[in-house]
Amino acid sequence: MSPLKFYISLLTIIIASALSASSQMLTKYASSVEGIDADQISVYIEDLRTGDVVLDVNGEIPMTPASVTKLFTAATVFQTQDLSKCFETKVYLNGKTESGRLQGDILIVSTGDPTFGSSYFPDKRYVADSIAAAIRKCGITGIDGEIKIESPQWLEEPVPDGWKESDVSRPYGTGYHSFNYRDNRVSMRFSRNGSYVFTPATPGLTAKKSTGKGGESVWRTKGSNVYNVNHSAKKDLITDVANPLPEATFKEALRVSLKNAGIDVEGRKTKHSSKKSLVYTHLSPTIYEILKSLVLRSDNQMAEAMLRYAFPGMSRIDAVEKEMDLWKQLGIDTNEMSLEDGSGLSRNDRLTAYNLADMLAWMAVNDPKFMDFVRLLPSAGETGTLKSFLKSSPLHGKIVAKTGSLNGVQCYAGYAIDAIGVPTHVVVIMVNGFKGARSDLKSTLQQLLIEKIR
């Protein structure tokens with residue numbers, strides 16, 4: 001029996017039983033299948049109206065949660081921060097101005113906005129042009145000095161150890177920095193002769209021809225600003241990659257915008273000046289809007305930003321510890337929780353179905369903003385990462401949940417809702433270690449939910 005057929009058979013037994021399957025039964029069933037561990041399937045469904053447990057399979061076993069980790073991050077922000085607040089980025093002219101020329105620098109003071117110039121918020125994308133226009137409006141036609149950026153250095157950390165090197169080359173694996181721009185991603189065009197172009201232009205980011213690495217055509221190591229490219233085809237390779245130097249990208253973009261506005265920047269070192277005048281303030285979307293976007297699209301960079309925003313001034317590790325302390329104080333058993341990040345991209349993260357279900361149930365009972373929390377979640381058959389899941393089924397639009405997927409991992413955590421959108425059930429499904437087709441596994445999980453949610 002193939003690994004996939006095993007999982008399908010196993011989940012079919014769970015569906016047919018109408019009772020919680022025991023760990024012993026699952027282990028016995030799997031014992032004849034080489035390399036399969038029945039303890040890698042966890043399902044917990046609870047009726048919020050009655051408190052009855054509909055299904056509980058291995059709810060106590062820690063699993064790799066992938067992106068359902070983002071639900072804990074979002075719920076933590078709900079408990080710690082004002083959701084109507086925004087990140088502020090302020091722009092100053094630092095120096096004196098004579099005859100339209102600034103004898104000093106442009107100073108950008110950042111607070112770590114993860115949406116600065118983001119393509120996911122179109123009205124924020126052209127921030128460089130907006131800044132240039134504001135400076136031109138002040139009558140500035142030339143700048144002697146440089147474009148300088150000040151940002152909270154406590155935010156600047158390497159990506160977590162549990163992120164693979166295969167992640168950090170890709171846009172979904174771009175890190176969160178103290179200064180972020182255009183979702184920390186760029187497009188690379190690479191020719192077989194070794195020439196390349198990054199768009200937008202990013203000084204300091206380079207690429208070079210290399211031999212293949214594990215079947216990958218484009219990769220870089222953690223902390224590196226050099227992309228290795230294995231490409232020999234006649235047609236240029238064009239691909240989006242993670243940008244480890246967003247500050248350099250923005251400085252170059254602002255130089256171009258200033259030039260287009262008729263303002264030249266000489267880039268000379270100037271004497272320090274205490275004369276600083278505010279010329280522009282950029283506001284991010286609200287924290288709630290950021291949470292909505294990141295949960296709907298499963299954005300790792302924004303999730304990491306929200307973890308750090310929840311606990312200002314703390315390192316990532318300290319923020320995670322504070323997060324778990326918070327939920328422990330709220331009555332959630334965190335003994336089996338082990339988190340390294342806010343996004344779930346780390347392979348070192350572990351959550352149980354009970355951890356997730358307890359948090360989801362706590363939110364339903366205790367958080368006055370609970371329905372706003374529910375509205376963060378993708379809707380089955382309709383939006384986000386659930387757009388094709390349960391589509392045209394009896395549960396179309398009746399499950400709202402966060403998905404999580406990595407190699408061999410497929411998870412769901414959220415709620416079943418009634419006709420007016422009020423949650424009726426907590427739903428958590430976690431599958432680790434599967435080796436078959438993901439589409440077949442999803443099909444079986446859909447049947448499980450259709451059978452169990454009433």
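Owing to the predicted nature of the structure, the values given are computational and were not obtained by experimental measurement.
- Side-chain contact, S67 with K70: a donor N or O sits under 3.5 Å from an acceptor N or O.
- Using bins of under 30°, 30° to 60° and over 60° for the plane-to-plane angle, the ring pair F198/Y227 lands in the tilted bin.
- Across E340 and G162, no two heavy atoms sit closer than the pair OE1-N, 2.8 Å.
- N300 places no side-chain N or O within 3.5 Å of a backbone atom of L345 that could act as its donor or acceptor partner.
- Interatomic distance, CE of M359 versus CH2 of W327, reported as 6.0 Å (0.5 Å rounding).
- Taking the six-membered ring for Trp and the full ring otherwise, F373 and Y288 have centroids separated by 6.0 Å or more.
- Residues Y172 and D167 have side chains that bring a donor and an acceptor to within less than 3.5 angstrom of each other.
- Atom CD of E156 and atom CZ of R308 lie 9.5 Å apart (nearest 0.5 Å).
- A side-chain donor-acceptor contact under 3.5 Å links S284 to the backbone of F87.
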What do the steps show when you test D183 against S118 for side chain to side chain contact (heavy atoms under 4.5 Å, CB included), and what is the final call?
-> CA-CA 5 Å; D183 307 303; S118 174; 2.7 Å; yes
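- Between the side chains of E247 and N180, no donor-acceptor pair is found at a separation under 3.5 Å.
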Could you walk me through whether E88 and K90 pass salt bridge (Lys or Arg N to Asp or Glu O under 4.0 Å), step by step?
-> CA-CA 6 Å; E88 286 189 354; K90 295 188 175 183; 3.8 Å; yes
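- Side-chain contact between M63 and L351 is absent, with no heavy-atom pair separated by less than 4.5 Å.
- For Y176 (side chain) and G112 (main-chain N/O), a donor-acceptor pair under 3.5 Å exists by modelled atom type.
- Using modelled atom types, one side-chain atom of D105 and one backbone atom of E146 make a donor-acceptor pair closer than 3.5 Å.
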Go through the steps to decide whether T115 and I290 satisfy the test side chain to side chain contact (heavy atoms under 4.5 Å, CB included), and finish with yes or no.
-> CA-CA 8 Å; T115 71; I290 295 172; 3.8 Å; yes
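- Residues L386 and I399 approach most closely at CD1-O, 4.1 Å, considering heavy atoms.
- Residues E323 and T76 have side chains that bring a donor and an acceptor to within less than 3.5 angstrom of each other.
- Side chain to side chain, N243 and T249 meet the donor-acceptor criterion of an N or O pair below 3.5 Å.
- In this structure, I131 CD1 and I108 CD1 are separated by 4.5 Å, a value rounded to the nearest 0.5 Å.
- Side chain to side chain, S110 and S151 fail the donor-acceptor criterion of an N or O pair below 3.5 Å.
- K402 and S298 form a side-chain donor-acceptor contact under 3.5 Å, judged by distance and modelled atom types alone.
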Passes side chain to side chain contact (heavy atoms under 4.5 Å, CB included), D52 versus E46? Steps please.
-> CA-CA 6 Å; D52 292 339; E46 179 181 334; over 6 Å; no
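- In this structure, a donor-acceptor pair under 3.5 Å is present between the side chains of D129 and S257.
- Nearest heavy atom pair, residue Q410 against residue L441, reads CB-CD2, 4.0 Å.
- The shortest heavy-atom contact between V409 and A66 is CG1-CB, 4.0 Å.
- Side-chain atoms of Q446 come within 3.5 Å of backbone N or O of L390 as a donor-acceptor pair.
- Heavy atoms only, all atoms of each residue included: T352 and G59 are closest at CB-O, 3.4 Å.
- Ring orientation note: the planes of Y354 and Y44 are nearly perpendicular, at an angle over 60° on the 30°/60° scale.
- In this structure, R182 forms no cation-pi arrangement with F116, as its terminal cationic atom is not both closer than 6.0 Å to the ring centre and no more than 45° off the ring axis.
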L360/L71 under side chain to side chain contact (heavy atoms under 4.5 Å, CB included): CA gap, chis, key distance, verdict = CA-CA 9 Å; L360 291 167; L71 277 188; 4.0 Å; yes
